Amino acid sequence: QVQVAESGGGLVQAGGSLRLSCAASGRTFRPYAMGWFRQAPGKEREFVATITWSGDRIYYAESVKGRFTISRDNAKNTVYLQMNSLKPEDTAVYYCAARTLFGTSSRARDYEYWGQGTQVTVSS
């Protein structure tokens, strides 16, 4: 059974920072890539960042480029999202997802396993 679980959300003032963590587990779990997505109230889920498990390819949404950094620790089966210079428009539920098939993707439907999400609220 594959499990993906996020942690690290919270309330922060504009300009502040948060680090989200995503722990992946499962006896035969070998993801090709992990991704972060977010969904604000009344909006569709949108891509934030993705990283291959090898770390050789990383992609960001334009809206977070230069402010967010995705990284991974394979020994801990954990992926991180460091979020700096946060803005009120970054407020959303942040989801971690795993993709086992070859290739990176910014489309939510291309990821098979999802966490429950963690709330990030940025106050102005």
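Bear in mind the structure is a predicted one, so any value in this text is a computation, not a measurement.
- In this model, no donor atom of one side chain and acceptor atom of the other lie less than 3.5 Å apart for D73 and T78.
- For an aromatic pair to be called close, the ring centres must be under 6.0 Å apart, and Y60 with F47 fails this.
- Looking at T121 and Q119, their side chains do bring a donor and an acceptor atom within 3.5 Å of each other.
- Rounding to the nearest 0.5 angstrom, the gap separating the CE atom in M83 from the CZ atom in R19 is 11.5 Å.
- For the pair R38 (side chain) and V93 (backbone), a donor-acceptor distance under 3.5 Å is absent.
- Taking every heavy atom of both residues into account, A33 and T104 meet most closely at CB-CG2, 4.5 Å.
- Aromatic ring pairs are classed by plane angle as parallel below 30°, tilted from 30° to 60° and perpendicular above 60°; the pair F37 and Y111 is perpendicular.
- Smallest separation of non-hydrogen atoms from L18 and L86: N-CD1, 3.9 Å.
- Scanning both residues, K65 and E62, for their nearest heavy atoms gives NZ-OE2, 2.7 Å.
- In this structure, I51 CD1 and I58 CD1 are separated by 4.0 Å, a value rounded to the nearest 0.5 Å.
- Among all heavy-atom pairs drawn from T118 and G9, the shortest one is OG1-N, 3.2 Å.
- The residues D110 and R107 are annotated as salt-bridged, a charged nitrogen and a carboxylate oxygen being separated by less than 4.0 angstrom.
- Residues W114 and Y94 are members of separate hydrophobic clusters, defined by side-chain heavy-atom contacts under 4.5 angstrom among Ile, Leu, Val, Met, Phe, Trp and Tyr.
- Follow the hydrophobic side-chain contacts under 4.5 Å out from L20 and you never reach Y80; the two are in separate clusters.
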Test side chain to side chain contact (heavy atoms under 4.5 Å, CB included) applied to E112 and L101, step by step: CA-CA 9 Å; E112 301 107 294; L101 300 178; 4.0 Å; yes

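- The minimum heavy-atom distance linking A49 with L81 is given by the pair CB-CD1, 4.4 Å.
- The CZ atom of R72 lies 6.5 Å from the OG atom of S54; values are rounded to the nearest 0.5 Å.
- Distance alone, capped at 3.5 Å, places no donor-acceptor pair between the R57 side chain and the W53 backbone.
- Between the side chains of S123 and Q13, no donor N or O sits under 3.5 Å from an acceptor N or O.
- Cation-pi geometry between R45 and Y95 is met: the NZ or CZ atom falls under 6.0 Å from the ring centre, inside 45° of the normal.
- The shortest heavy-atom contact between R67 and S85 is NH1-O, 3.0 Å.
- One hydrophobic cluster holds both V12 and W36 under the rule that ILVMFWY side chains link at heavy-atom gaps under 4.5 Å.
- Of the possible polar contacts, one joining the T50 side chain to the M34 backbone as a donor-acceptor pair under 3.5 Å is found.
- Taking CG of D90 as the start and OG of S63 as the end, the distance is 7.5 Å to the nearest 0.5 Å.
- Remark: side-chain polar atoms of Q116 are not paired, donor with acceptor, to backbone N or O of E6 under 3.5 angstrom.
- Judged by distance alone, the side chains of Y32 and R99 never bring a donor and an acceptor atom under 3.5 Å apart.
- Under the 4.5 Å side-chain heavy-atom criterion for grouping Ile, Leu, Val, Met, Phe, Trp and Tyr, Y59 is not connected to V64 through any hydrophobic cluster.
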